[in-house]
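To start, the structure under review is shown below, and the notes come after it.
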2 protein chains.
Amino acid sequence: MQNVLNALRVLEEVAARQPAGVGDLARGLEIPKSTVQRALLTLHTAGWIRQADGGGATRWVLTTKPLLVSRGATGDLSLRDVAVPVMEELRGRCDETVHLAVPEGGKVVLIERLETSQPVRIILPLGKNLPLHASANGKAVLAASGPEALERHLAEGLPRFTDTTLTEADGLRAELARIRERGYATNDGEWRTDVSATAAAVLGKAGRPVASISVNVPSSRVTSETRAAHGALVCEAAAGISAALGGTRAAERLPRPTP
Amino acid sequence: MQNVLNALRVLEEVAARQPAGVGDLARGLEIPKSTVQRALLTLHTAGWIRQADGGGATRWVLTTKPLLVSRGATGDLSLRDVAVPVMEELRGRCDETVHLAVPEGGKVVLIERLETSQPVRIILPLGKNLPLHASANGKAVLAASGPEALERHLAEGLPRFTDTTLTEADGLRAELARIRERGYATNDGEWRTDVSATAAAVLGKAGRPVASISVNVPSSRVTSETRAAHGALVCEAAAGISAALGGTRAAERLPRPTP
DNA sequence: CACACCGTGCCGTGAACCGGCACAATATGC
DNA sequence: GCATATTGTGCCGGTTCACGGCACGGTGTG
């Protein structure tokens with residue numbers, strides 16, 4: 001138990017500051033050197049880390065095993081493989097940065113990105129946590145979730161990020177209704193002043209939102225025409241991914257496959 | 001130790017067959033149910049897995065933590081972020097499937113893929129291990145490595161995959177010399193009969209190969225013209241990535257940054 | 001209703017992890 | 001060149017906690 005927690009913390013630390021030695025890690029984690037050393041050897045025999053090629057001091061780096069494991073991290077049929085081609089098509093049509101995010105623990109997490117060719121870009125690191133009430137992806141997911149998810153989120157409060165952030169429950173409710181009506185969500189500098197986005201939710205087999213796809217544009221580049229155009233595009237893209245995942249968004253029951 | 005190994009095996013099994021229950025995992029791993037249960041709870045408190053939304057029975061799925069950890073899995077400056085735009089450019093010029101692989105443990109591992117728009121495609125799963133002596137990426141890496149790496153690989157033998165596979169040490173040596181001469185490696189059905197590829201190695205700061213980029217084409221579509229064209233393209237792409245990584249491929253020593 | 005299977009929790013035993021410490025080898029300061 | 005600091009590695013005793021058999025309540029299934 002404690003052993004596993006230590007080893008996983010060491011693993012994360014290795015990932016963060018690779019290539020790293022025993023001393024670095026022990027100091028960064030505030031864990032005795034011996035413990036870190038044992039964790040490193042264990043992770044090595046498990047095939048998760050290896051020693052860097054350079055001779056001298058032993059520096060540890062990750063193997064590709066974490067990558068292998070995270071391949072199935074997004075959903076049943078490898079959401080990423082299905083979504084990326086659709087995202088490429090979408091970016092081709094608008095030439096703006098396209099994001100894919102999945103809901104997790106009261107946030108949405110950015111898991112894939114395709115960049116625009118334009119010089120002014122939105123650049124968020126993969127793995128970034130975005131708030132549910134102040135991002136286009138978050139609001140799209142929230143609008144597609146049940147009311148209990150909304151209440152759960154309201155209970156945690158609506159922190160303000162900019163002066164356009166929705167911090168009132170009623171305002172958020174009205175916004176979500178508008179999103180459900182037109183099918184896509186928008187964000188006009190509600191989280192970072194200069195970031196705007198348009199997003200639509202991807203629905204899984206159970207009709208629940210499993211992801212969200214968005215077009216991200218610097219606020220300075222947004223016009224009412226592009227906004228509407230992006231809305232239509234992300235709706236189409238999200239519907240395409242949902243269908244490819246086998247989503248039953250108002251789909252008729254399929255004839256059962258012959259056994 | 002044993003504890004950690006168990007937990008990591010459980011984690012991999014969850015990744016492979018998510019959403020999965022305790023019984024499934026225990027049977028698949030041939031580990032007592034109690035042990036698996038403890039490992040699941042531990043992984044949960046560590047934030048690596050979570051319960052699926054569906055009510056009924058508890059099914060476990062991965063969180064995005066493995067994805068976060070694997071972000072830095074490829075190199076110092078996130079090789080993937082640097083390579084993907086170059087790969088997109090490359091695919092745009094030839095409209096064929098582009099692969100990115102990294103060397104690891106006597107193999108090369110496929111870590112990124114961009115697909116062609118053409119109907120006949122090469123589809124290899126991400127994370128696939130490719131042999132050093134019978135794949136374009138592998139040979140490109142081998143040609144850019146030191147002679148001791150070659151000897152180490154020769155000691156393990158050269159298994160035959162097809163009737164064009166290079167299984168003789170001398171033949172491989174000659175091939176590697178040819179690769180070093182022209183800058184790119186080729187594979188003409190030496191691993192799978194219908195898969196051909198052209199690859200060039202990406203060099204890191206120490207001048208060692210840290211990755212390889214390749215254009216993969218069905219053998220039926222290969223001509224001598226496309227082969228030469230792809231060779232030039234992958235060389236250019238690999239050089240671009242190497243430069244972006246700060247590779248010192250014949251680069252002069254930089255003035256040290258003022259402290 | 002019986003049966004099988006599910007996920008979960010308890011518990012005694014013994015093997016393990018923990019972490020302080022010591023040691024060799026290599027940078028760094030004077 | 002000596003002294004100092006820091007590195008990675010290995011050992012070992014004490015105590016903890018992981019192991020895995022077993023039992024329980026709940027849920028389909030025949």
Side-chain angles (χ1 to χ4, degrees), chain A residues 1-63 76 205-206 253 256 259, chain B residues 1-63 76 205-206 253 256-259:
Chain A
M1 177 73 176
Q2 191 60 44
N3 189 12
V4 177
L5 295 182
N6 279 334
L8 290 176
R9 286 187 60 198
V10 170
L11 180 63
E12 290 180 58
E13 196 73 7
V14 170
R17 49 170 75 188
Q18 65 173 326
V22 189
D24 299 332
L25 301 169
R27 225 170 309 113
L29 294 167
E30 296 183 348
I31 285 179
K33 221 173 22 168
S34 314
T35 304
V36 174
Q37 169 83 340
R38 238 175 318 111
L40 286 175
L41 292 180
T42 304
L43 289 171
H44 177 59
T45 66
W48 285 66
I49 62 175
R50 64 180 171 83
Q51 314 198 20
D53 308 313
T58 30
R59 291 291 121 90
W60 298 94
V61 295
L62 295 185
T63 65
D76 316 61
K205 288 179 184 171
R253 186 171 299 279
R256 63 162 52 179
Chain B
M1 177 75 177
Q2 192 58 45
N3 188 13
V4 177
L5 296 181
N6 279 332
L8 289 176
R9 285 186 61 200
V10 169
L11 180 63
E12 289 180 57
E13 195 73 7
V14 170
R17 50 170 73 189
Q18 64 173 324
V22 188
D24 299 331
L25 301 169
R27 226 170 308 115
L29 293 166
E30 296 182 349
I31 286 180
K33 219 171 26 165
S34 314
T35 305
V36 174
Q37 169 81 339
R38 236 174 321 110
L40 286 174
L41 292 180
T42 304
L43 290 171
H44 178 58
T45 66
W48 285 66
I49 63 176
R50 63 179 170 85
Q51 314 200 17
D53 307 314
T58 29
R59 292 290 120 90
W60 297 94
V61 296
L62 294 185
T63 66
D76 317 61
K205 290 179 183 171
R253 187 171 299 279
R256 65 160 51 175
T258 56

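Here the structure is a predicted model, which is why all the values come from computation and not from measurement. In what follows, chains carry the letters A, B, and so on, assigned in the order in which the sequence lines appear, proteins first and then strands, with residues in each chain numbered from 1.
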Students should find that the end-to-end axis angle of the helix from C:dC3-D:dG28 to C:dC30-D:dG1, with five pairs defining each axis and rounding to 10 degrees, is 40°

Contacts of type side-chain contact (heavy atoms from CB on, under 4.5 Å), residue [X], not counting sequence neighbours:
X: B:Arg50; value: A:Glu104, B:Asp53, B:Val61, B:Thr63
X: B:Ser34; value: none
X: A:Arg38; value: A:Thr35

Short heteroatom pairs, N/O only, protein and nucleotides 27-30 of chain D, under 3.5 Å:
none

Name all residues meeting the side chain to side chain donor-acceptor pair (under 3.5 Å) criterion together with B:Gln37; count only those two or more places apart in sequence or in a different chain, and write none if there are none.
none

A:Glu13: what forms a side chain to side chain donor-acceptor pair (under 3.5 Å) with it, not counting sequence neighbours?
A:Arg17

Output every pair passing ring pair (Phe, Tyr, Trp, His ring centres under 6.0 Å) with a member in [range], not counting sequence neighbours, ordered by first then second residue.
range: residues 8-42 of chain A; result: none
range: residues 13-37 of chain A; result: none
range: residues 8-47 of chain A; result: A:His44-A:Trp60

In 5'-to-3' order, the base (B), backbone-only (S) or no-contact (-) status of each nucleotide in nucleotides 6-22 of chain C, using a 4.0 angstrom heavy-atom cut-off, is SBBB------SSBBBB-

All N/O donor-acceptor pairs, side-chain side in residues 1-10 of chain A, below 3.5 Å, sequence neighbours left out:
from   : atom 1 : to      : atom 2 : distance (Å)
A:Asn6 : ND2    : A:Gln2  : O      : 3.4
A:Arg9 : NH2    : A:Leu29 : O      : 3.2

Least distance between heavy atoms, A:Leu40 atom then A:Val14 atom:
CD2-CG2, 4.0 Å

